[in-house]
Amino acid sequence: MTPLEFTPRHRHLVRFSPKRVAHVFTDVLIIGGGIAGLRAVLALEPGLSAVVVTKDLLKVSNSAQAQGGIAGVLDPLDDFSHHTADTIAAGKGLCDPAVVEMVVKEAPQRIRELIEIGTRFDETDGQIDLTREGGHSHRRIVHAHGDATGREVMRALQETAVERDGVQVWQNTFTIDLLTVGGNCRGAIVHDPERPTTCVWAKQTILATGGAGRLFRETTNPEIATADGHAIAFRAGAELRDMEFMQFHPTVLYIAGSSRHLITEAVRGEGAWLRDGNGHRFMPDYDQAAELAPRDVVSKAITEQMSRTNHPCVYLDLSHLDPDFVRRRFPHIAKVCADFGLDIASDQVPVRPGAHYMIGGVTTDEQGRTSLPGLWAAGEVTSTGLHGANRLASNSLIEGLVFGARAGEAASRAAREIPNDFAVPAIGSDWESVEGDDEELNITDLRNALSSLMWRQVGIERTEETMRDAAEQVEFWDRFVSNREFADVSGWELQNLLLVAQLMIAAARSRTESRGVHFRKDFPETDSEQAIPIEIASILGPG
Ligand SMILES: Cc1cc2nc3c(=O)[nH]c(=O)nc-3n(C[C@H](O)[C@H](O)[C@H](O)COP(=O)(O)OP(=O)(O)OC[C@H]3O[C@@H](n4cnc5c(N)ncnc54)[C@H](O)[C@@H]3O)c2cc1C
């Protein structure tokens, strides 16, 4: 397929002159302090300096929210070939088999390293407890504190990474754009409300900014997941791939007024059933694997069943399982449900799907190298070829670990070869017209309108008609939003979301088939001719 092309309205979101900003020099800049960014920190060669920037506090990330666990072959009865086959089966013809094999083989070692730095995974009789999730043929998911795996892993990673010599962590620091000189990435321009706007000049930059769930009204992602990394890489000229593939998690707690808590797949792995509004257990009607079918199958079945029964949600039923086991195994979810007066072990728990994991992203090779020299990427912001058209549960934390380590090592090696140079290149950004006044714009209203539009028209089910309308609407908003210069994070996030929405819609319209998490009602079949990724090239904009 010929790559799609798209021109961002501006190369940079803000106008700047090197004479009027602060400058900092470092060997490696790491944008993002989730699992991928912090694993990259641990892989840096001793002696190198590094700056890690996070837009919120370090403890706020998709990684910290992860519940189910991390996939890896640790059971002697399991085998690399099984994990590889399960991943490729879920990816529906779009996985890169070499990348899958590489990640699967490195996974056990990356998990053991987490234990070495102090992560305490759950154990039974002194052995790591392995659970099973949808799409996995064996028990191979390590977990911690029952269903709070991310919190425990991030605790250990944070404690270790911030102690590293030469590493500075700048929290509440928003990366506005990458800096490029002569076609090479040379760092980023960042904003901390407490400091002057700063150019961080780096010999090598690693992008690890996570996901894009906030593009959709219903999502499991925290507020930071606004697709910034996808947008800033694209504006700098890096290629993106597979942008049509957003994975919707089938079971997100649905109680009006509550935040959208994810109910981990492991609940179904341990035997929970899904019932519709009439009490009917419907998954066996849709798939042989019933509740253990892959996520896209379960999400689609739930959407279909909600429409058939004209009911706003379906229900998870754990009442046939041992109540003590349920409360012990899922203490976090039990507590969240209890806060809303529900007993997870006996009540029917209302759920429906929500945007969960951004499969598409910045194209990388096996080292995490992007198409923009000097820029490496790892974690959810990437498209590495591991997930194909659908991510297998618990394969993303392991992807962040494997590619974080690889990008950290490769960026270190590349940084070592570049001599120190503390001169500031003569670049800046100075586009012409700045339209309108920030105060005329209700950014929250526009964000809500965008995420509702994406949910309704580019969500679990898509058609050319719904997406064409969405494209026109987003383009209209983008026309007046992106010609303004904002001075704070909410405006920049909106601009990033609008850009990435356009890229997602363009990719989804051009894939005229259904595959994995991309379901087109007007093209319900998979077309073997389209078993190739869709790449999007950035035609660099002005300024
Ligand atoms: C509720 C939930 C449960 C999940 N459960 C699992 C699971 O059990 N197993 C599994 O494998 N996966 C799970 N996932 C997916 C997994 O957590 C993520 O894919 C993974 O953690 C992404 O890691 P990351 O390092 O790429 O990004 P994140 O952990 O999201 O970190 C992103 C970092 O980038 C920073 N950042 C973003 N934009 C900017 C910017 N403009 N400037 C500066 N910094 C920026 C953020 O501040 C943050 O530090 C879950 C996801 C969610 C939301």
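Each ligand, and each atom within it, is numbered from 1 in the order the structure gives. Just so we're clear, the structure is a prediction, and the values are computed from it rather than from any experiment. For the single chain, residues carry numbers from 1 onward in sequence order.
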Take I141 and H136, measure what side-chain contact (heavy atoms from CB on, under 4.5 Å) needs, and give me the verdict at the end. CA-CA 9 Å; I141 321 290; H136 286 277; 3.7 Å; yes
For ligand 1, is [X] a contact, meaning one of its heavy atoms is under 4.0 Å away?
X	result
N395	yes
G69	yes
G400	no
G229	no
H356	yes
T173	yes
T149	no

Could you point out which residue of F486, W492, W170 forms a ring-ring contact (aromatic ring centres under 6.0 Å, His included) with H191? W492
How many angstroms lie between atom CG of L262 and atom CG of L253, to the nearest 0.5 angstrom? 10.0 Å
I232 CD1 to I176 CD1 distance, which is reported to the nearest 0.5 Å: 10.0 Å
Under 3.5 Å, N or O to N or O, is [X] touching ligand 1 that way?
X	value
I35	yes
A36	yes
G33	yes
S396	yes
Q67	yes
T220	no
G68	yes

Under 4.0 Å between heavy atoms, the region of R391 that gets near ligand 1 turns out to be side chain
Where on A393 is there a heavy atom closer than 4.0 Å to ligand 1, on the side chain, on the backbone, on both, or on neither? neither
Quick check: do D75 and R140 have side-chain heavy atoms less than 4.5 Å from each other? no
Does F80 reach the side chain of E101, with side-chain heavy atoms less than 4.5 Å apart? no
The test is side-chain contact (heavy atoms from CB on, under 4.5 Å); show your working for I460 and F216 and say whether it passes. CA-CA 11 Å; I460 297 171; F216 293 87; over 6 Å; no
Note: heavy atom closest to atom 1 (C) of ligand 1, options Q65, M358, H143, H191, belongs to Q65
Tell me which one of K59, E380, E133 gets a heavy atom nearest to atom 19 (O) of ligand 1. E380
Identity and distance of the protein heavy atom lying nearest atom 11 (O) of ligand 1: L397 N, 2.8 Å
I want to know whether H387 and F245 have ring centres closer than 6.0 Å. no
